[in-house]
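Here is the naming used below: chain letters follow the sequence lines, and residue numbers restart at 1 for every chain.
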There are 2 protein chains.
Amino acid sequence: MPTIVEVANRAGVSAITVSRVVNDSGPVSSQVRARVEQAIAEIGYVPNAVARSLRSKRTDTIALVVTDMTNPFFTTIAHGVEAAVSDSGMMLIICSTDERDAEEERYVRMLLQRRVDGILLVPAGGGAAAIKRCREQGTPLVVVDRRLRGRGADVVRADSKAGAFELGRLLVSLGHRTMAVLTGPIAVPTADDRAAGFRQAVAAAARLRPPRVYRGAFTIESGRDMAKRALSATPRPTALFAANNFIAIGVLHALDEMKVRVPEDVAVVGFDDLPPAMVTFPFLTVAAQPAYEMGQRSVALLLARLSGGRGPGQPYQEVVLPTQLVVRRSSGDPLGAPEPSI
Amino acid sequence: MPTIVEVANRAGVSAITVSRVVNDSGPVSSQVRARVEQAIAEIGYVPNAVARSLRSKRTDTIALVVTDMTNPFFTTIAHGVEAAVSDSGMMLIICSTDERDAEEERYVRMLLQRRVDGILLVPAGGGAAAIKRCREQGTPLVVVDRRLRGRGADVVRADSKAGAFELGRLLVSLGHRTMAVLTGPIAVPTADDRAAGFRQAVAAAARLRPPRVYRGAFTIESGRDMAKRALSATPRPTALFAANNFIAIGVLHALDEMKVRVPEDVAVVGFDDLPPAMVTFPFLTVAAQPAYEMGQRSVALLLARLSGGRGPGQPYQEVVLPTQLVVRRSSGDPLGAPEPSI
DNA sequence: TTGTACGCGTTATCAC
DNA sequence: GTGATAACGCGTACAA
């Protein structure tokens with residue numbers, strides 16, 4: 001593999017001159033430039049970015065660490081990230097932790113060894129270890145999709161609480177009085193916020209019993225399981241709130257198996273929309289998060305840190321994006337309304 | 001940022017000894033090891049993988065270049081790739097070319113500069129330029145999901161022709177006699193193979209007119225457009241074959257808009273399944289590709305090249321995986337069958 | 001078991 | 001406008 005020195009020899013110049021031509025840094029006479037360019041073409045020189053990084057201390061690479069690459073919500077974020085990263089001439093490393101803290105730690109360690117310029121992280125749990133590591137090394141970190149207890153990093157997330165509140169208010173306005181919340185693990189802020197927002201909406205209505213809250217994982221299996229438990233409770237809920245898209249899918253599967261009709265027998269609302277590209281016939285009423293935009297904004301925040309515009313001394317920012325209420329069939333008509341005449 | 005030398009000084013040893021401790025290469029007395037490990041912990045040393053790569057000429061990084069990150073088929077491949085890559089302690093760079101040759105070239109150039117250990121490529125077009133570049137540099141390349149004209153690289157793909165043939169045979173057996181194929185661009189082997197396979201199935205039946213073939217892009221918009229054109233043809237087809245998942249979704253949207261019922265008025269079959277995770281109620285009859293497995297097999301092929309087991313001199317391999325026919329509602333019942341009594 | 005010398009490919013600094 | 005020198009952080013080859 002030819003090096004810059006070999007190009008230099010062939011062109012009869014020094015290595016640094018070749019470097020100047022390649023990077024367009026510093027003055028080079030047009031004659032020399034031509035000779036160098038020809039030499040490059042002749043021997044097929046490809047600059048070595050590894051060596052360059054060793055000197056420059058920049059890799060022009062950032063990493064995105066998500067909890068679940070199969071979830072379209074995260075792949076949509078990834079898409080937004082990729083677009084933004086590519087625009088600024090960098091490359092993107094993607095890691096999937098499978099919601100496991102240990103994997104998250106392993107990945108962050110590897111990424112820091114590789115000296116990536118920055119990390120976008122969807123923490124599996126609290127993310128404390130990762131945040132600490134990054135800070136020690138001075139590598140910018142943006143936490144995506146999860147609220148942070150302390151202020152330890154920039155954050156980009158959607159307003160889970162407000163979105164859940166809207167869904168709750170919708171169901172209340174449709175006349176539901178017994179509802180259940182199916183959400184994710186304890187201590188995951190996203191899971192808590194959504195439960196809290198929904199409960200608040202119910203509490204705001206007079207004389208409604210607070211919804212029962214089921215805790216599981218953000219998975220289809222867990223959604224299915226929680227739905228079955230919720231429906232066997234007394235009194236049986238007339239509406240279910242699934243705190244993310246996978247839980248919602250699990251719920252729909254469970255109801256289908258139980259021959260419970262949606263929305264006729266039970267209304268269902270969820271968090272996270274499915275990308276329109278993937279859904280043939282949208283059905284589910286949801287609070288949609290702006291996933292693509294979240295990806296882009298995360299990169300923007302990271303790049304701002306990198307360009308030093310906001311040095312490491314600057315206070316951390318939290319960008320909270322609004323969700324959008326999308327009402328579809330699964331939430332049903334007002335309870336007690338007359339049956340439509342056929 | 002502390003270096004290996006600083007660790008060495010603090011521990012009162014030489015740099016190479018620290019290296020031996022960190023990489024567990026070469027003998028180190030347990031006393032010295034303890035001293036070194038303590039020094040590492042105290043000053044928070046994080047090995048520099050960039051410098052290591054410069055020496056070792058390996059980056060332990062591979063890249064996946066796809067045409068469309070929003071397509072669940074490719075994200076499923078990516079998921080399989082990620083799992084396999086992670087298992088072998090490497091990291092994964094992901095690039096999305098948006099089906100543009102120029103982007104593909106740009107990405108490949110950047111990746112080769114970064115000295116990635118290998119590249120998995122879903123070519124936007126023929127992929128000739130990328131293949132040539134990689135070969136010149138001696139970087140292993142595996143082409144994914146596309147057949148190659150010449151033998152210039154390892155290939156992992158599904159059997160598009162056989163899958164399309166099965167779909168065609170199904171429709172023929174259901175009694176359809178006028179059908180249309182909605183496929184991707186000319187010169188993309190995948191698009192051609194699927195059209196050819198389907199046509200062959202029709203030709204195998206006696207006295208059927210060959211299906212009309214529409215050419216567009218592998219996008220929802222294109223699918224919608226082609227569906228409208230196909231349905232306004234005379235004689236009007238009773239069945240449509242969409243050559244990938246996005247085209248199929250576009251078709252379903254178009255038919256919905258035109259108030260054409262599926263499968264009552266027109267039967268629809270497609271290529272590529274949607275991951276079960278994303279679909280609430282599966283509806284479409286498809287030839288499903290083993291996307292996840294394709295991702296894994298691609299990595300396996302790449303790693304085989306890397307480990308030298310199959311040196312660069314070895315002949316290129318082509319792995320062709322079978323598709324699976326999944327019959328659902330969209331393909332309908334046999335034509336002319338009595339209406340089901342309610 | 002431990003250490004010395006050198007090179008990996010590039011670029012910043014300073015000199016001409 | 002061009003070049004010599006050194007340094008980035010690490011690991012191989014060899015010596016002690």
Colleague: Pick the closest DNA chain C nucleotide for Ser25(A) and for Met1(A) by heavy atoms, then say which residue is nearer the 5' end.
Modeller: Met1(A)
Colleague: Classify the nucleic acid contact of Val50(B) as base, sugar-phosphate or nothing, counting any heavy atom under 4.0 Å across all strands shown.
Modeller: nothing
Colleague: Rounded to whole Å, how long is the line connecting atom CD of Gln31(A) with atom P of dG1(D)?
Modeller: 12 Å
Colleague: Is the shortest side-chain N/O distance from Thr17(B) to OP1 or OP2 of dT1(C) below 4.0 Å?
Modeller: no
Colleague: Using atom CZ of Arg20(A) as one end and atom P of dT11(C) as the other, report the distance to the nearest whole Å.
Modeller: 11 Å
Colleague: Let me know the distance between CG of Leu54(B) and P of dC6(C), rounded to the nearest Å.
Modeller: 18 Å
Colleague: Hey, does the side chain of Ser14(B) come within less than 4.0 Å of dG3(C)'s phosphate (OP1/OP2), counting only N and O?
Modeller: yes
Colleague: So, does the side chain of Arg55(B) form a donor-acceptor pair with the base of dG7(C) at under 3.5 Å?
Modeller: yes
Colleague: Can you find a pair of side-chain heavy atoms, one from Thr67(A) and one from Ser96(A), that are under 4.5 Å apart?
Modeller: no
Colleague: Report yes if some heavy atom in the side chain of Arg115(A) is under 4.5 Å from a heavy atom in the side chain of Gln137(A); otherwise report no.
Modeller: yes
Colleague: What is the distance, rounded to the nearest whole Å, between atom CZ of Arg33(B) and atom C1' of dT1(C)?
Modeller: 12 Å
Colleague: On the nucleotide dG9(D), are OP1 or OP2 found under 4.0 Å from the side-chain N or O atoms that Arg52(B) carries?
Modeller: no
Colleague: Can a side chain N or O of Ser56(A) be found less than 4.0 Å away from OP1 or OP2 on dT11(C)?
Modeller: no
Colleague: Grab the CG-C1' distance between Asn48(B) and dG11(D) for me, whole Å please.
Modeller: 13 Å
Colleague: Does dT10(C) have its OP1 or OP2 closer than 4.0 Å to a side-chain nitrogen or oxygen of Ser19(A)?
Modeller: no
Colleague: For Val65(B), run the side-chain contact (heavy atoms from CB on, under 4.5 Å) check against Leu141(B), Ile93(B), Ile94(B), Ile119(B) and tell me which one passes.
Modeller: Ile119(B)
Colleague: May I have the distance from Ile4(A) (atom CD1) to dT2(D) (atom C1'), rounded to whole angstrom?
Modeller: 14 Å
Colleague: Could you point out which residue of Arg305(A), Gln317(A), Gln314(A) forms a side chain to side chain donor-acceptor pair (under 3.5 Å) with Asp154(A)?
Modeller: Arg305(A)
Colleague: Has Asn23(A) got a side-chain N or O lying under 4.0 Å from the OP1 or OP2 atom of dT11(C)?
Modeller: yes
Colleague: Roughly, in whole Å, what's the span from NZ in Lys57(B) to C1' in dT10(C)?
Modeller: 12 Å
Colleague: When you match Val46(A) and Val32(B) each to their closest nucleotide on DNA chain C, which lands nearer the 5' end?
Modeller: Val32(B)
Colleague: Tell me the interatomic distance from Arg115(B), atom CZ, to dC8(C), atom C1', rounded to whole angstroms.
Modeller: 12 Å
Colleague: Checking salt bridge (Lys or Arg N to Asp or Glu O under 4.0 Å) between Glu318(A) and each of Arg297(A), Arg147(A), Arg151(A), which is the one that passes?
Modeller: Arg151(A)
